[in-house]
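Whatever order the structure lists ligands and atoms in, that order sets their numbers, starting from 1. In this chain, residues are counted from 1 in sequence order.
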Amino acid sequence: MKDNSSAFNSSIYDSKVNAVLPYYTEYNRQILDLAEVFGIKNSKWLDTGCGTGNLALRVTEKFADVKLVLCDPSAEMLEASKSKLAECDNVKFRNISSQELDYKNEFDIVTAVQAHHYLSIDERRKAEKNCYDALKDGGIFITFENIAMSTEQSEMLAIARWKNYMLAHGRTEEQTENHMKRRGTELFPITIEEHIKILKEIGFTSVDLLWGSYLQAGFFAIK
Ligand SMILES: C[S@@+](CC[C@H](N)C(=O)[O-])C[C@H]1O[C@@H](n2cnc3c(N)ncnc32)[C@H](O)[C@@H]1O
């Protein structure tokens, strides 16, 4: 049994994730770059669905004075984060999902990377409304998610590219097939338009695409 809802157990996640997510390292690069221009001196930053703490570690390396709160519903993922950030002060950990966040007007930045595509539309709305509530006015929400293509034809092309990527990165034919079956059964991607619509409906005043590929996209939204 897996200890979290991603494809991999917490103990092997870091060694496998780049073989199935073509641009995994790019997400964090984009987030840090945006955060830098947004301005985050002495800021409070919430990363929900923090996983093994890869983003958080880079945040602490780049922005020494940020106070971080890391949340994840998987106790094992959170433990992996704690080990990775053992040397870092100013980091708190909570074993909760985004639907359980209970913060009000506390954070300058909230991030959620590949954490909400497991949810139904209603759960996703709740999760992202909680991210909105956790932000101070003027705060920024940055999220990356798997996305759905807008037509079946584009979906087939995207999936074919993804399959080639995984095979070229050491996944077997069977592992690749099993991974692709997760779309629509374990995770439920929505289109870029649907993402933007939900964020606007929640109340964000400014919602935009940050980055996009054939399978994942990043969004930034200002409260
Ligand atoms: C693919 S991993 C991404 C982890 C990390 N953000 C990263 O970029 O490596 C998905 C993570 O989302 C967490 N997760 C699953 N459901 C969640 C929810 N409802 N709210 C917040 N996190 C969730 C999982 O426990 C897992 O740690």
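Contacts between Tyr24 and ligand 1, counted as non-hydrogen atom pairs separated by less than 4.0 Å, involve the side chain only.
Remark: ligand 1 atoms within the under-4.0 Å shell around heavy atoms of Met77 are 27 (O). Against a heavy-atom cut-off of under 4.0 Å, Cys50 is close to the following atoms of ligand 1: 5 (C), 6 (N). Residue Ser74 approaches ligand 1 through these ligand atoms, each under 4.0 Å from one of its heavy atoms: 25 (O). The atoms of ligand 1 that sit less than 4.0 Å from any heavy atom of Ser97 are 18 (C), 19 (N), 20 (N). Remark: ligand 1 atoms within the under-4.0 Å shell around heavy atoms of Ser6 are 1 (C), 2 (S).
The protein heavy atom nearest to atom 20 (N) of ligand 1 is Ser98 N, 3.0 Å. Annotation: atom 15 (C) of ligand 1 to nearest protein heavy atom, Ser5 OG, 3.0 Å. Nearest to atom 5 (C) of ligand 1 among the protein's heavy atoms is Gly49 O, 3.4 Å. Closest to atom 17 (C) of ligand 1, if we only count protein heavy atoms, is Ala115 O, 3.4 Å. When only non-hydrogen protein atoms are considered, atom 3 (C) of ligand 1 lies nearest to Tyr13 OH, 3.3 Å. With hydrogens left out, the protein atom closest to atom 10 (C) of ligand 1 is Gln114 O, 3.2 Å, a heavy atom.
When all heavy atoms of Gly218 and Leu209 are compared, the closest pair comes out as O-CD1, 3.5 Å.
Checked by atom type and distance alone, the side chain of Asp72 never pairs as donor or acceptor with a backbone atom of Leu78 at under 3.5 Å. Put simply, the side chain of Lys82 never gets that close to the backbone of Phe93: no donor and acceptor are under 3.5 Å apart.
For atom 27 (O) of ligand 1, the nearest non-hydrogen atom from the set Asn4, Val17, Asp72 belongs to Asp72.
Below 3.5 Å of separation, one finds an N or O of Gln99 facing an N or O of ligand 1. Checked against a 3.5 angstrom limit, the closest N/O atoms of Val113 and ligand 1 fall inside it.
Tested against Asn54 for a side chain to side chain donor-acceptor pair (under 3.5 Å), the candidates Asp47, Asp14, Thr25 yield a single pass: Asp14.
With salt bridges taken as basic N to acidic carboxylate O contacts below 4.0 Å, one links Glu26 and Arg29.
In summary, the aromatic rings of Tyr27 and Tyr23 are positioned with their centroids too far apart to meet the 6.0 Å limit. Residues Phe204 and Tyr132 place their aromatic rings such that the two centres sit under 6.0 Å apart.
Within the structure, ligand 1 lacks Ala127 among the residues with a heavy atom less than 4.0 angstrom away.
Geometrically, Lys16 does not engage Phe8 in a cation-pi contact defined by less than 6.0 Å to the ring centre and at most 45° from the axis.
More than 12 heavy-atom neighbours from other residues, nucleotides or ligands sit within 6.0 angstrom of NZ on Lys104. Annotation for Lys126: atom NZ does not count as buried by contact number, only 12 or fewer foreign heavy atoms lying within 6.0 Å.
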